[in-house]
Amino acid sequence: MQINGAQMVIEALIAEGVNTVFGYPGGAIMNVYDEIYKQDGFKHILTRHEQAAIHAAEGYSKVSGKVGVAMITSGPGFTNAVTGLADAYMDSIPLVVISGQVPMSLIGTDGFQEIDAIGISRPCTKHNYLVTDAKDLPRVLKEAFHIAATGRPGPVHVDIPKDVTAQIAEFDYSVELELETYKPNVKGNLRQIKKAMEAISKAKRPLFYLGGGIINANAADEVRELVHKTGIPAVETFMARGVLSHDDKYLISMLGMHGSYAANMAMSETDLVIGLGARFDDRVTGKLSEFAKNADVIHVDIDPASISKLVNADYPIVGDVKNVVNDMLDNLGNIKSESYIPWNDTVNQFDELHPLAYHEDTDRIKPQWVIERVGQLLGDDANISTDVGQHQMWAAQFYPFSRPRQWISSGGLGTMGFGFPAAIGVKAAAPDKVSINFTGDGSILMNCQELMTAVEKKLPVINIILNNNYLGMVRQWQTLFYDKRHSETDLSVQPDFVKLSEAFGGIGYRVTTKEEFDAALKDAVEKNVVAFIDVVVERLENVMPMVPSGGSLFNMMLLEKKEK
Amino acid sequence: MEVNERRVISVIVVNESSVLSRITNLFSGRGYNITSLTVAPIPDSKYSRLTIVTSGSVKVIEQITKQLHKLIPVLKVYEHADLVEKEMAMVKFPVSENIADISTLCEAYNGKIVNVSDNVIITMVADEPKRIENYLQLISRYNPKEIVRSGAVALER
């Protein structure tokens, strides 16, 4: 059929099964918004900032497993969205982000709200397009969705000049894709997989190193089966929280800079690392030359460039982790779980020696308690988003995650301001679960305008602010490594968070005791409107244990032991 | 310290707008070197061929080829081991210099005088990059006014 470019965008989104789009209109994208007004194939959620639109689409995608879609205008609309694109790129989140551009005739003239959008988005997207003719739009949009969702997922940016959205051309979305240069390898090499299984059967102290790729590949069930059938202990990366349930006897904990003593020691003592969809990030490995020093490495990843990038892989396997783990399950051979019992015992002893813990030794509420308490009260009924900082690490350490896609946090880029809009997207995708955003008094102010979105669209996110009147994580580093010179991290001057929420039509609570916290959370869940729970917590609490930047995993700063 | 080796990488890419900047962005963004880069369309196809001369440790070169492969419009990446490599250089000399000497030198390096005007002559030579270096050293005594090098192109044997 012959339709204009704007109508093509709508038709393509509907054909892709999109039911929620996050966005913000403006001059160059107006033709598309005009068509959004006329259609009822999907709903549009108006955020109050373009960055928030991308983060909301990320949250939506992470919970639903679908491609998240966001729409923005040219110039400042686009530049506001760049942080979101970079965030999605670092965490391999499939997005299609459509931006308006000035008309073709104005491109290159420094026109009003013109910026070289694809030039800017190139290093922070998986791929991008400038569409110069409406006849290319169906193919480009179809490719965009395909590229975003397949292989190692990531954001794809499509920039469309205003006159192209008005141009009429033929639209046929059923045309088959021809992407000769893009064919991700999804099936792992079977011979290599068998060799890896052979290595596992010979190892004395093997260790599963589970990464976020397992969640992207929807492979948690298969991985759980593999862990249980082999009886090999497992550590999770920050991105992999929820792959194994918190009460799984083979799950040690999270590893890395703020990983548990047992997880980091297990990684230091193992003789075979079995990496599944994890990329050996510097926050995980610490000092590379000391990382899993005596171990061989099996590395399963969909992205060949991740393999042997930082840690040399003795058994590299390129493929979709779900396929590879299924092949592993078919080739268990003579792996005997009993033989790993002594190793499991060793790991458990590590955990008994220095468990993840905190001391309740002050009048003020401890931030870790808040995380644990929400876990006790809501557990599996909540999806957990976070911002970035101390609260984020405590949430990763102490929340009892029970399923994949329950945990939504900005890992690679570490974007303050991510949590609240992401939690809005989470609620839009999973309305039956409580959407919690653990945040800090620093982070929450970086996208607090999204109170308006949550109120307008009735997306009742509960923001739990662990308020220590500090930019806590930076303050912690200043305390530990900068001789307590707390440069520009004291946030004693703050808004009244209760009134702030109320000003937008939400509800707010100021909490100083555990009883008040329980009552506030219960009330917020019942009232079902967007809420700020401002929890006054111990100011100088540090995230422990900690591997100082560049240090070795086995050299952790630990929680001080105290006499009971 | 790992040794930095000179390597030649050929990349076959879809001939579309902004593909070159995808490649060069990748090099600058990840801190890789480009010593020279040439690009031209492959006849009777929708592809272009880039020849990139770079340097780095074995590990870095492996990352470069993998990262190049990840770019969507990249069809193939060859990291050459055994190759024939050529480069062209054009040099402008004042006509007052010893043209006979210059001409003889050019011939020794697969070249000749390609243009003569009132004030200057222009020569071209085409040879292996290392020999081009030699040539450029030799002609320095004839007061070259301008030198232009094409960058290397290569084919596997």
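Values below: every heavy atom of this structure, side chains too, minus hydrogens, waters and symmetry copies. In the text below, chain A, chain B and the rest are named by the order of the sequence lines, each starting its count at 1.
Contact residues of residues 10-20 of chain B toward chain A are B:V14, B:S18 (heavy-atom distance under 4.5 Å).
For A:I147, the part lying under 4.5 angstrom from a heavy atom of chain B is the side chain only.
For the atom pair B:R22 CZ and B:N25 CG, the distance stands at 9.0 Å (nearest 0.5 Å).
Between A:R279 and A:D301 there is no salt bridge, since none of the side-chain N atoms of the basic residue sits less than 4.0 Å from a carboxylate O of the acidic one.
The environment of B:D44 atom CG is sparse: at most 12 non-hydrogen atoms of other residues, nucleotides or ligands sit within 6.0 angstrom.
Between A:Y129 and A:H127, the angle of the ring planes goes over 60°, which puts this pair in the perpendicular group of the 30/60° scheme. Ring orientation note: the planes of A:H157 and A:F78 are close to parallel, at an angle under 30° on the 30°/60° scale.
Evaluated for a salt bridge (charged side-chain N to carboxylate O under 4.0 Å, His left out) with B:E85, the options B:R157, B:R7, B:R6, B:R131 yield exactly one hit, B:R6.
For chain B, the option among A:T132, A:L179, A:D303 with the highest count of heavy-atom pairs below 4.5 Å is A:D303.
Shortest non-hydrogen contact noted between A:P138 and A:A134 is CD-O, 3.6 Å.
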